[in-house]
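Below is one structure, written out as structure tokens; the observations come after it.
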2 protein chains.
Amino acid sequence: MGARTARRRDPAERALEVRDAAKTIALTRGLAAISLRNLAAHCGVTSPLIAHYVPTMDALVANTFSAIAEQEISEVTRHAHTPTEPLEQFRALLDALADPSRDNVGEVWCDAWSVGRRNDALAAAARDAMDSWIALATGIIQAGQERGQFAPARPERAALVLFALVDATASYQLVSYRSRLERESLVRETLEDILKVSLQPIANVGPIRPDASSTT
Amino acid sequence: MGARTARRRDPAERALEVRDAAKTIALTRGLAAISLRNLAAHCGVTSPLIAHYVPTMDALVANTFSAIAEQEISEVTRHAHTPTEPLEQFRALLDALADPSRDNVGEVWCDAWSVGRRNDALAAAARDAMDSWIALATGIIQAGQERGQFAPARPERAALVLFALVDATASYQLVSYRSRLERESLVRETLEDILKVSLQPIANVGPIRPDASSTT
DNA sequence: GCTCTAATTTACCACCTACTCAATAAGAGT
DNA sequence: ACTCTTATTGAGTAGGTGGTAAATTAGAGC
């Protein structure tokens with residue numbers, strides 16, 4: 001089939017390829033599926049070459065998680081900061097977090113908690129990413145409160161509740177607990193109660209009967 | 001060191017021993033550590049014997065999770081139903097859920113979500129156990145509302161928030177995110193806000209300076 | 001004490017994991 | 001075209017996983 005030996009590449013380029021392979025494996029098959037062989041197969045290369053570029057598997061798993069989490073945080077941050085009003089920013093944040101295209105990342109987070117128990121670097125990466133999320137939401141909530149748009153709940157506490165609900169529902173989804181709609185409204189409506197605002201997604205002013213094409 | 005061959009046992013007795021071994025392995029090393037060899041070593045027996053008693057690993061993992069979850073649910077249910085007043089019942093429920101001796105079970109839950117993605121029986125077991133938890137809390141909240149002890153929030157919604165917070169903080173604990181005190185008050189105080197009641201644990205009326213002996 | 005069922009073992013299979021070391025060969029620089 | 005660095009491979013170590021077939025042997029019933 002393929003060439004007997006892979007094209008010789010610039011080390012930096014090959015290292016990047018390996019990191020990318022780790023990301024797509026994590027997003028499609030979970031953090032636990034990142035292995036020398038899987039990476040090698042994905043890159044069309046033998047496993048010792050992967051080992052040559054990766055100090056240790058635990059480190060690669062931790063770095064891969066960081067890369068995935070940080071990329072998502074920066075994308076969602078940009079999306080959430082597109083509007084200028086904090087209320088609209090918060091709605092945009094919730095929309096982004098509820099987007100089904102985020103499901104794969106939710107699975108990776110779930111793996112991170114489970115695997116992080118025995119991978120200190122991964123646990124540290126998870127803590128850092130969580131702090132970033134909390135900081136993002138806390139900032140928006142604070143700004144909204146200063147403009148009188150949100151009820152005066154403790155901003156960081158509200159942010160912690162938001163992500164606890166997001167994280168729990170992400171876990172629930174892995175075992176298909178309740179419908180996507182139920183999981184989503186659990187998050188949205190609970191934060192409506194805390195901040196005393198309407199957080200209905202912008203595009204949801206259409207037909208009376210909600211879209212029932214997919215209830216998972 | 002031990003006998004060359006293990007004592008011949010009644011099949012029912014041996015099967016029970018295997019199930020017990022699976023439980024303690026799950027609680028000490030996680031659901032993913034349940035393997036033919038680990039079980040065999042734990043029982044002082046060879047792995048084919050375990051295979052002889054276990055139809056398939058996935059099934060054993062699912063059944064082990066069910067056993068652990070159902071035992072905890074029945075214990076906590078008994079504890080929570082000891083008081084007669086719903087408010088006291090709810091406090092007892094929260095106390096039980098916050099008990100650090102419950103940590104191991106929290107880890108097993110986390111594993112269940114992560115592993116449940118590729119083990120349908122396990123996912124179904126998780127859904128069932130979750131429904132039992134929600135039913136328990138919903139019942140107490142409903143009873144409390146009928147006696148005017150709780151604010152009229154939707155009972156099942158409040159129960160879902162409760163366990164979403166409990167489940168998320170259990171995940172957070174695996175990566176040491178925030179202190180035990182912070183995680184615990186996130187749950188308790190959020191439910192105080194929802195039900196508009198004081199949920200301080202009964203034994204917490206002691207010294208002004210909280211116990212700082214362990215902050216994890 | 002003998003027999004006979006079946007609990008238990010030994011010896012495997014095929015696959016996975018991380019990782020190491022010496023041999024090969026690609027391809028850039030001269 | 002030749003050299004030389006080093007990316008890449010082949011072969012192997014030492015473990016892990018679930019699972020199977022057939023030999024062994026414990027111990028209950030007669």
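Below, read A as the first sequence line, B as the second, and so on, with proteins coming before strands; counting in each chain starts at 1. Side chains included, hydrogens not; waters and symmetry mates left out as well; all remaining heavy atoms used.
Side-chain proximity of A:Tyr53 to D:dA7, D:dG10, C:dT8: nearest is D:dA7. Listed nucleotides D:dT8, C:dC19, D:dG18 differ in distance to B:Met57; the shortest reach to its side chain belongs to D:dG18. Looking at the side chain of B:Thr56, the nearest of the listed nucleotides D:dG19, C:dC21, C:dA7 is D:dG19.
Across all strands shown, A:Leu39 has no heavy atoms under 4.0 Å from either base or sugar-phosphate atoms. Across all strands, B:Arg14 comes closer than 4.0 Å only to sugar-phosphate atoms, never to a base (heavy-atom distances). A:Asp58 comes within 4.0 angstrom of no nucleic acid atom, judged by non-hydrogen atoms across all strands. Using a 4.0 Å heavy-atom criterion, one finds that A:Ile50 contacts no nucleic acid atom at all.
Legend: residues meeting side-chain contact (heavy atoms from CB on, under 4.5 Å) with A:Arg78, ordered by chain and number and at least two apart, are A:Ser74, A:Glu75.
D:dG16 atom P lies 14 Å from atom CD1 of B:Ile25, rounded to whole Å. Between A:Leu36 atom CG and D:dT13 atom P the separation is 18 Å, expressed in whole Å. Rounded to an integer number of Å, the gap from CZ of B:Arg7 to C1' of D:dG27 is 11 Å. One atom, CG of B:Leu49, and another, C1' of D:dA23, lie 15 Å apart when rounded to the nearest Å. Rounded to whole angstrom, the span from the CG atom of A:Leu60 across to the C1' atom of C:dC19 amounts to 14 Å. Between A:Leu16 atom CG and D:dA7 atom P there is a gap of 16 Å when expressed in whole angstrom units. Between the CZ atom of B:Arg37 and the C1' atom of C:dC16 there is a distance of 11 Å, rounded to whole Å. In this structure, B:Asn38 atom CG and C:dT17 atom C1' are separated by 15 Å, rounded to whole Å.
A distance of 6.0 Å separates CZ in A:Phe90 from CZ in A:Phe150, rounded to the nearest 0.5 Å. Rounding to the nearest 0.5 Å gives a distance of 11.0 Å between CD of B:Gln89 and NE2 of B:His79.
Comparing B:Ser35 and B:Ala51 along DNA chain D, the residue whose closest nucleotide (by nearest heavy atom) sits nearer the 5' end is B:Ser35. Between B:His52 and B:Arg8, the one whose closest nucleotide on DNA chain D sits nearer the 5' end is B:His52.
Salt-bridge formation is not detected for the pair A:Lys23/A:Glu70: no Lys NZ or Arg NE/NH1/NH2 atom is positioned less than 4.0 Å from an Asp or Glu carboxylate oxygen.
Contact check for B:Asp111 versus B:Ser114: no side-chain heavy atoms found under the 4.5 Å cut-off.
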